[in-house]
Amino acid sequence: MGGGFYISKFVGVVGIVFGAGAVATVIALAVVYSQEVAKNEAVSPTNGGSTIKPPVTTPGGSTVKPQITTPVIPTTAPSNEPWDKYRLPDTLKPDHYNLTLWPRLTVNAQDLYIFTGKSYVVFQCVKETDLILIHSNKLNYTKWGDDHLAKLSALGSTPAPTIKKSWLQPTTQFLVLELNGKLAVGESYQLDTVFVGELADDLGGFYRSVYTEEGEEKVVATTQMQPTDARKAFPCFDEPAMKAIFHITLLHPPMTVALSNGMEHAPVEVTEAGPKGPVRVWRTSFDKTKKMSTYLLAFIVSDYDYINSTNDNVLIRIYARKKAIADGQGEYALSKTGPILKFFEKYYNATYPLPKSDQIALPDFNAGAMENWGLITYRETALLYDPKMSSNSNKERIATIIAHELAHMWFGNLVTLRWWNDLWLNEGFASYVEYLGANEAEPDWNIKDLIVLGDVHRVFAVDALASSHPLSSREEDIQKPEQISELFDAISYSKGASVLRMLSDFLSEEVFSTGLSTYLNTFAYDNTVYTDLWDHLQMAVNSTGTSLPTGQTVHSIMNRWVLQMGFPVVTINTTTGLINQQHFLLDPSTAGSVPPSDFKYEWIVPIRWMKTGVVQQQTWLEDKTAHKPDMIVTGNNWILANLNVSGYYRVNYDNTNWERLLGVLSSHHESIPVINRAQLVDDAFNLARAKYINTTLALRTTKYLRSEREYMPWESALDNLDFFYLMFDRSEIYGIMQTYLKYQIEPLFKHFGNITGNWTEVPTGHMDQYNQANAIRVACSTGMEECQTLTKGWYSQWMKDSANNPIHPNLRTTVYCSAIAAGGAAEWEFGWDQFKAATIAIEADKLRSALACTKQPWLLNKYLEYTLDANKIRKQDATSTIVYIASNVVGQSLAWDFMRDRWNYIFTQYGGGSFSFSNLINGVTKRFSTEFELKQLKQFQADNSEVGFGSGTLAVSQSIERTTANIKWVAENKDSVQTWFTTEVPKE
């Protein structure tokens, strides 16, 4: 990544209208549009050079002449100064903040949306120092009477030292105050500031979200602080361990709604000085917060409405656009929040610590949701549900995301990890228990099983690469904001969830929740490291007499899963009873590039297993190899290990046992639990990729599917066959693969036609509804005429009468895609018009993905251009739309060329989110399997080394590794794959 700086365009700044204790001049550091974000090491703007500012207004309302200021230009030479380090020194500890913010929901004279603020923080000196560092990013400060950027006062009897020098350090995002004397240990001090920032549309810090309601454009001022953007809203000690109490006040236009973490008080009408005279505003203050981290703060001003209920003295409110509330789109979330909260209170054995739980749906929001304490923010698609428009997968997403965020109210918010290197525990835990919470809300769904597809199998794909990384990083390796953002990846979320699920399984859920409860009660309102949880789980193990392998503890077992990357493949020889483990790498030739591990890539593996359908007692693999005589079988007996995929590992067998398992699948597949049928397919395909078994053996696991009606095995097979499509959909093998899959899907398609009264009803089971969509998707995409006639008929019926959509919400994503792929410009333009007219984001999302299905290159190119026009595609959706287009074989090369040509622009304008760049790079390159594409990818890496890749840095090296493996795989397997499909295709 490039160091140094570049000079960005400056734009006009604004008048500050708060009264402050001193008459001041506004320091003319630039408030820049997020579109001009500079990228000193992809962190933040580093504005070099002098600038002259337009006239600005002081707090008293008078105009002062512009000043010339020269921002600090960071030197590239190494510095040992505290302000050139990214972490706060351990000298000061905040106690409480008092913060007043005034977001402007209309543009000022310089055509900017801005917010003004005044705040003070009371902090204690814990080590003698003559330096104050406090985080600040993209804020401009009013100078006080002594010409400094802040005012320092002592709260004790000893006067505070005067300020010698104050400046902003943009690279490390600090406001720096050098003092003329030392702060005294144990004394408390107050630091006052008055400042202005831009209410940009960059989805980070205090930002604006825009939507149209009944023809009128409306602006919401909202926040996203995690991980390091509270400092964009106000100066603060912006690290998770710097917990404090916050007293928040918002000034806002009359009749708008102000929300924050604490319960709001009735608004008071006040008059404030504005650039054109007095301005009438409402002032809303809030109950002080609990002691909490800055990244969990939220404040929002909107023209929203809400619905509410009370559950055990907790006020639950759902806020959204007025029309969304009037249409009942918040009802589902409201009905499920109470039961989920109740479940977690029981699970943690700890009362919900706040008097209210607000949840709000935002038109522009980068993540799925954010667990701000007492005011959870969501994408509209993650909170709003309309039975006429929303599918069962939309409903499931809402239930699981609400459960994920509510799980954080205790785990993450009440007790917070000390530093971001342990992020995996916070997010992995919530990603595991979200399934438990959602299961409480919807007990008929069997949703707990879906963690295997949604998390375990998903992350196996990443964690089997030599470029993977351990769950826990060393604290000193995670310093800069972009290093922190890079941790918000599949390893932290999905591997974290998978290993914690395994831990809960081998301890038992009861012991696991006992340890959790003492952990939460011991460290309430405090910070921890991940080993503190292990301590409490071990205490629960000891107090309940739970047995672990001799000499092992929770620490010794879990260290191997947390401190080294990857996972094992456990190979069982059912002839000899020998069992061994090996680090599973998708490309075994990369073993030499794997970093060394203190544990030599060996794990302590819990093994749940069955013998010929009978569940056996759990066993452990503690060494590289072991002898398990119980696992010797003869005749028609068979072994199946890792029952319900409760362990985070793959399983291989001797060839004889594989043949027996294939026999069981083809003759009476129900003898094998449904999760393990999905596992056998997934393990076989991945073992074949890693050369443990033949590719044709993996393909044979799909033969029985003509008899399979369950969702999970089908989904597992389709996920794995997707790889074959990616590798071969530009080759001659594509045709015979299509014919084979059409033959396999035909009974499933007919089954759903029969049980739904010829597609007029909805299957009753949650997973059956998913599998019905799979049946239509695969039948249509493999060219089954009956299916294509069905989908084209539905879509053309809708085109004739756009007010009445005949397609069930469960099937819309599939049907829209199928009809747009089969059609031309008319079908595409109708889809685009419906996308623009959609009044619920869930429907817009279905159309947005389907528009990428067209086979017309010119339409795909037009759509790519739309992705970078925020008036057409919201910024939060730009990268995923490009990935949708790249997933279409026709759009693959178009999307790749587009991304390469526009990388600088995309990176600077669309860099808000933690996941977006890694998803974009992985998504656009996943089909790469030729030397030419590998060369292009390496060139892309080299060409943009100065610009950087932000949170996608690791994704670039993963893509290079994956492409290299794909090239080898195609060379080694193409002939045998072609022969197998040719043999298996039914003869006409």
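Throughout, residue positions are numbered sequentially from 1 according to the sequence presented. Quantities reported herein were computed from a predicted structural model and do not represent experimental measurements.
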Can Ile776 and Ser818 be said to form a side-chain contact (heavy atoms from CB on, under 4.5 Å), step by step?
CA-CA 9 Å; Ile776 292 177; Ser818 174; 6.0 Å; no
Please report the C-alpha distance between Arg689 and Asn966 in whole Å, then the side-chain angles of each, then the deciding distance to 0.1 Å, and finally whether the side-chain contact (heavy atoms from CB on, under 4.5 Å) criterion is met.
CA-CA 9 Å; Arg689 292 258 315 263; Asn966 289 347; 3.9 Å; yes
CA sep, side-chain torsions, deciding dist, call: Ile906, Leu920, side-chain contact (heavy atoms from CB on, under 4.5 Å)
CA-CA 10 Å; Ile906 293 169; Leu920 177 62; 4.1 Å; yes
Please walk me through it: do Asp682 and Arg650 pass salt bridge (Lys or Arg N to Asp or Glu O under 4.0 Å)?
CA-CA 9 Å; Asp682 195 66; Arg650 294 199 181 279; 2.8 Å; yes
Kindly determine whether Val778 and Phe749 satisfy side-chain contact (heavy atoms from CB on, under 4.5 Å), including the steps that lead there.
CA-CA 9 Å; Val778 176; Phe749 182 78; over 6 Å; no
Please step through ring-ring contact (aromatic ring centres under 6.0 Å, His included) for the pair Trp858 and Tyr863, ending with a clear verdict.
CA-CA 9 Å; Trp858 67 275; Tyr863 198 23; over 10 Å; no
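Here Met899 contributes atom CE and Leu894 contributes atom CG; the two are 13.5 Å apart, rounded to the nearest 0.5 Å. To the nearest 0.5 angstrom, Phe940 atom CZ is 8.0 Å from Leu937 atom CG.
Taking the ring pair (Phe, Tyr, Trp, His ring centres under 6.0 Å) definition, one finds that Tyr795 meets it with Trp798, Phe830, sequence neighbours left out. Checked against side-chain contact (heavy atoms from CB on, under 4.5 Å), Ser472 has the following partners two or more places apart in sequence or in another chain: Asp422, Trp424, Tyr530, Val562, Leu563. With sequence neighbours left out, the ring pair (Phe, Tyr, Trp, His ring centres under 6.0 Å) criterion links Phe460 to Phe567, Tyr648. With sequence neighbours left out, Glu708 forms a salt bridge (Lys or Arg N to Asp or Glu O under 4.0 Å) with Arg677. Under the rule for a side-chain contact (heavy atoms from CB on, under 4.5 Å), the partners of Lys862 that lie at least two apart in sequence or sit in another chain are Trp828, Glu829, Leu859, Tyr866. Listed by chain and number, the residues in a side-chain contact (heavy atoms from CB on, under 4.5 Å) with Ser887 are Val883, Lys926 (sequence neighbours excluded). When the salt bridge (Lys or Arg N to Asp or Glu O under 4.0 Å) test is applied to Lys691, the partners found at least two apart in sequence or on another chain are Glu972. For Lys600, the salt bridge (Lys or Arg N to Asp or Glu O under 4.0 Å) criterion is met by no residue, not counting sequence neighbours. Applying the side-chain contact (heavy atoms from CB on, under 4.5 Å) criterion to Thr590, with sequence neighbours excluded, gives Ala466, Leu585, Asp587, Ser593, Glu961. In this view, Arg777 satisfies the salt bridge (Lys or Arg N to Asp or Glu O under 4.0 Å) rule with no residue, not counting sequence neighbours.
Between Asn421 and Asp477, the closest side-chain pair of non-hydrogen atoms is not below 4.5 Å. Between Phe981 and Thr739 there is no side-chain heavy-atom pair separated by less than 4.5 Å.
Looking at Glu933 and Arg730, a side-chain N of the basic residue comes within less than 4.0 Å of a carboxylate O on the acidic one, giving a salt bridge.
Distance alone, capped at 3.5 Å, places no donor-acceptor pair between the Trp980 side chain and the Arg700 backbone. The backbone N or O of Asp201 lies less than 3.5 Å from no partner atom in the side chain of Asp364, so there is not a single donor-acceptor pair. Under the 3.5 Å distance criterion, the side-chain polar atoms of Asp455 are left unmatched by any main-chain donor or acceptor of Ser498. The backbone N or O of Cys780 sits less than 3.5 Å from a side-chain atom of Gln788, completing a donor-acceptor pair. Here the side chain of Glu827 pairs a donor or acceptor atom with the backbone of Gly824 at under 3.5 angstrom. Side chain of Ser492 to backbone of Leu487: a donor-acceptor contact under 3.5 angstrom is found. Not one N or O on the side chain of Gln876 forms a donor-acceptor pair closer than 3.5 Å with the backbone of Ala367. In this structure, the side chain of Gln892 engages the main chain of Val924 through a donor-acceptor pair within 3.5 Å. Panel note: side chain Gln958, backbone Val462; no donor-acceptor pair is recorded below 3.5 Å. Side chain of Thr789 to main chain of Glu785: a donor-acceptor pair is present (N/O by atom type, distance under 3.5 Å, no hydrogens or angles).
Of all heavy-atom pairs between Ala850 and Tyr816, the closest is CB-CB, 3.4 Å. Contact between Ala819 and Thr791 at its shortest, heavy atoms only, is CB-O, 4.2 Å. Smallest separation of non-hydrogen atoms from Ile491 and Pro470: CG2-O, 4.4 Å. Contact record, Ala895 with Ile885: CB-CG2, 4.4 Å, taken as the closest heavy-atom pair. Leu471 approaches Gly496 most closely through the heavy-atom pair CD2-N, 3.7 Å. Of all non-hydrogen atoms in Ala773 and Leu811, the two that sit nearest each other are CA-CD2, 4.0 Å.
Aromatic rings of Tyr649 and Trp561 (six-membered ring for Trp) have centroids beyond the 6.0 Å cut-off, not under it. Ring centroids of Phe949 and Phe917 are separated by 6.0 Å or more, keeping the two rings apart. Aromatic ring centroids of Tyr601 and Phe584 lie 6.0 Å or more apart. Ring pair Trp896/Phe928: centre-to-centre distance below 6.0 Å. Here the two rings, on Tyr734 and Phe728, have centers that are 6.0 Å apart or farther. The distance between the ring centers of Trp714 and Tyr704 does not fall below 6.0 angstrom.
Within the structure, every pair that satisfies the salt bridge (charged side-chain N to carboxylate O under 4.0 Å, His left out) test and touches residues 876-899, not counting sequence neighbours, is listed here: Arg379-Asp877, Arg848-Asp877, Asp897-Arg900. Applying the salt bridge (charged side-chain N to carboxylate O under 4.0 Å, His left out) test to pairs two or more places apart or on separate chains, those with a residue in residues 715-729 are Asp729-Arg927.
With no hydrogens or angles considered, a side-chain donor-acceptor pair links Ser468 and Asp463 at under 3.5 Å. Side-chain polar atoms of Trp903 and Asp943 form no donor-acceptor pair below 3.5 angstrom. Asp489 and His469 are linked by a side-chain donor-acceptor pair at a separation below 3.5 angstrom, with hydrogens and angles left out of the test. Residues Gln582 and Tyr692 have side chains that bring a donor and an acceptor to within less than 3.5 angstrom of each other.
Taking a 6.0 Å sphere around CD of Glu732, one finds it holds more than 12 heavy atoms contributed by other residues, nucleotides or ligands. Surrounding NZ of Lys703 are at most 12 heavy atoms belonging to other residues, nucleotides or ligands under 6.0 Å away.
For the side chain to side chain contact (heavy atoms under 4.5 Å, CB included) with Tyr740, the lone residue among Thr702, Thr982, Thr983 that qualifies is Thr702.
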